[in-house]
Engineer: 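Mind having a look at this structure? Questions to follow.
By convention in this document, chain letters (A, B, ...) are assigned in the order of the sequence lines, proteins followed by strands, and residues within each chain are numbered from 1.
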2 protein chains.
Amino acid sequence: MSPRTAPLTRTAALEVDGGSRRADAAGEDLPRGVDLGGLTGHLGYLVRRAQLWIFQDFIRTLAILDIRPAEYSVLTVIGRNAGLKQMALASTLGIERARLVHLLDRLERRGLVQRRASATDRRSHALHLTAKGRKMLARIEVLASEHEQHVVARVGGEHHKELLRLLALFAFG
Amino acid sequence: MSPRTAPLTRTAALEVDGGSRRADAAGEDLPRGVDLGGLTGHLGYLVRRAQLWIFQDFIRTLAILDIRPAEYSVLTVIGRNAGLKQMALASTLGIERARLVHLLDRLERRGLVQRRASATDRRSHALHLTAKGRKMLARIEVLASEHEQHVVARVGGEHHKELLRLLALFAFG
DNA sequence: TATTGTTATACTCTATAACTATA
DNA sequence: TATAGTTATAGAGTATAACAATA
């Protein structure tokens with residue numbers, strides 16, 4: 001298809017607005033000197049960039065086990081809290097309960113997790129790792145540690161510790 | 001459905017290292033006593049929880065202007081770098097160029113952004129804010145600051161400053 | 001040949017609403 | 001009535017691949 005923004009006024013990039021403080025004059029390719037303006041003052045922007053980097057590394061590092069971050073967190077919490085209900089797991093991890101259903105479906109299909117009938121409430125399921133799930137989790141944890149070492153290598157050990165402390169404070173009050 | 005009820009051994013075991021501490025004041029209450037295991041040692045987990053909280057507050061605070069975080073970042077960077085190419089913008093913000101097309105489509109439809117012909121490279125577009133876009137950005141910045149104050153209130157001013165410093169180091173260092 | 005913007009597809013994740021079976 | 005799990009849908013966001021125009 002042809003350019004969909006058809007006409008495109010050919011007013012070259014000549015400076016018009018009062019809002020732009022920076023060059024555009026310098027011949028258009030501002031390779032790395034792009035001004036982020038107020039973004040660097042927003043925790044949300046920096047946190048997003050951090051998550052992007054971290055999750056990509058996690059997925060790459062655990063690709064051989066085909067485990068993604070959300071699945072890792074689910075297996076970890078079930079492993080530590082056998083018999084947990086889905087609702088409790090969902091709100092603990094900040095995952096929508098509707099989404100957790102699909103995560104558990106996949107983990108159950110892979111034979112890593114079991115939904116058992118709850119003794120006390122027949123509406124709910126008690127979540128357990130299978131023997132295979134426990135073995136898998138052990139292998140996962142090796143690679144997850146390796147991944148975290150990549151993060152440490154990226155930010156430095158001291159900064160990593162500081163970030164864990166500060167973000168924990170943030171996340172849990 | 002499933003086999004019998006679990007042995008239901010003590011599901012708690014919450015003595016381990018810095019698991020879950022307190023319920024969350026502003027919104028979701030984490031079920032107390034659920035052991036997060038190694039998750040609290042993973043920056044990725046904490047960063048995700050932080051982003052969840054921050055983005056939800058941003059979206060809520062700027063709902064009246066119908067501006068989401070990605071759109072805010074795009075408008076901000078164009079405002080500061082008039083004439084920027086789409087590729088440069090995309091790689092600056094860590095947005096896929098294919099996704100940026102849709103973001104710009106929407107902002108252009110709303111009359112906030114213009115794609116102009118580049119003087120030097122006829123493949124590329126020079127991005128500019130319209131007058132309306134500049135006015136809108138000014139209003140957006142007021143609410144974005146308000147949002148950031150919510151974040152400060154959540155973590156404390158000192159911690160907020162520390163986090164900005166450490167995460168900037170992470171994202172760009 | 002490589003790059004820019006575009007279109008297209010697939011998959012992950014978030015956010016709701018509604019349904020069922022229990023409580 | 002309310003809650004736990006499920007199903008369904010819509011919309012962001014990420015990740016690729018391919019294509020036309022241009023470099």
Engineer: Taking for each residue the nucleotide of DNA chain D with the nearest heavy atom, is it A:Leu104 or A:Ile59 whose nucleotide lies nearer the 5' end?
Structural biologist: A:Leu104

Engineer: Using side chain to side chain donor-acceptor pair (under 3.5 Å), reason through B:Glu148 and B:His160 one step at a time and then give a plain yes or no.
Structural biologist: CA-CA 10 Å; B:Glu148 201 62 26; B:His160 182 258; 2.7 Å; yes

Engineer: Please report, rounded to the nearest Å, how far the C1' atom of D:dA12 is from the CG atom of B:Asp105.
Structural biologist: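 Going from B:Asp105 (CG) to D:dA12 (C1'), I get 15 Å.
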
Engineer: Between the side-chain atoms of B:Arg122 and the base atoms of D:dT22, is any donor-acceptor pair under 3.5 Å?
Structural biologist: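 Side chain to base: no pair below 3.5 Å.
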
Engineer: Rounded to whole angstrom units, what separation is found between the CG atom of A:Leu103 and the P atom of C:dC11?
Structural biologist: 16 Å

Engineer: Can you find a side chain N or O atom of A:Gln56 that sits less than 4.0 Å from OP1 or OP2 on D:dA15?
Structural biologist: yes

Engineer: Specify the separation, in whole Å, of atom CZ of B:Arg99 and atom P of D:dA15.
Structural biologist: 12 Å

Engineer: What integer distance in Å separates A:Gln51:CD from D:dA12:C1'?
Structural biologist: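 My rounded result for the distance is 14 Å.
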
Engineer: When the nearest nucleotide of DNA chain C is assigned to A:Ala98 and to A:Thr120 on a heavy-atom basis, which residue is associated with the more 5' position?
Structural biologist: A:Ala98

Engineer: Tell me: CZ of B:Arg116 to P of C:dG5, nearest whole Å?
Structural biologist: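 In whole Å, C:dG5 P lies 16 Å from B:Arg116 CZ.
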
Engineer: So that I can tick it off, tell me whether B:Glu162 and B:Arg165 are bridged by a salt bridge, with the cut-off set at under 4.0 angstrom between side-chain N and carboxylate O.
Structural biologist: yes

Engineer: Return no unless some side-chain N or O of B:Gln86 is found under 4.0 Å from OP1 or OP2 of C:dT6.
Structural biologist: yes

Engineer: Assign A:Leu100 to base, sugar-phosphate, or nothing according to its heavy-atom contacts below 4.0 angstrom with the strands shown.
Structural biologist: nothing

Engineer: Any base atoms under 4.0 Å from B:Arg106, or only sugar-phosphate, or nothing? Heavy atoms, all strands.
Structural biologist: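 No contact.
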
Engineer: How long is the line joining CZ of B:Arg123 and P of D:dC19, in whole Å?
Structural biologist: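 Rounding to the nearest Å, CZ of B:Arg123 and P of D:dC19 are 19 Å apart.
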
Engineer: Between the side-chain atoms of A:Arg97 and the base atoms of D:dG5, is any donor-acceptor pair under 3.5 Å?
Structural biologist: yes

Engineer: Can you check the B:Met87 CE to D:dA21 C1' distance for me, whole Å?
Structural biologist: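 In whole Å, D:dA21 C1' and B:Met87 CE are 16 Å from each other.
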
Engineer: So which heavy atom on B:Leu129 is nearest to which on B:Arg134, and how close?
Structural biologist: O-NH1, 3.1 Å

Engineer: Could you report the tightest heavy-atom contact between A:Leu36 and B:Leu93, atom names first, then the distance?
Structural biologist: CD2-CD2, 4.4 Å

Engineer: With a 4.0 Å limit, can you tell me whether A:Lys85 has a side-chain N or O closer than that to the phosphate oxygens OP1/OP2 of D:dG5?
Structural biologist: no

Engineer: Counting the benzene-type ring for Trp, do B:His42 and A:Tyr72 have ring centres under 6.0 Å apart?
Structural biologist: yes

Engineer: Is there a salt bridge (Lys or Arg N to Asp or Glu O under 4.0 Å) between B:Arg115 and B:Asp105 once you walk through the steps?
Structural biologist: CA-CA 10 Å; B:Arg115 287 164 163 119; B:Asp105 282 349; 3.0 Å; yes

Engineer: Using atom CH2 of A:Trp53 as one end and atom C1' of D:dT14 as the other, report the distance to the nearest whole Å.
Structural biologist: 18 Å

Engineer: Quick one: is D:dT14 close enough that its OP1 or OP2 comes under 4.0 Å of any side-chain N or O from A:Arg48?
Structural biologist: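 Result: yes.
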
Engineer: Kindly say if A:Arg115 contacts the phosphate of D:dA4, meaning a side-chain N or O under 4.0 Å from OP1 or OP2.
Structural biologist: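 No.
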
Engineer: Can you tell which of C:dA15, D:dT22, D:dT14 lies closest to the side chain of A:Glu96?
Structural biologist: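 Selected nucleotide (nearest to the side chain): C:dA15.
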
Engineer: Nearest to the side chain of B:Ala70 - D:dG5, C:dT6, D:dG13?
Structural biologist: D:dG13

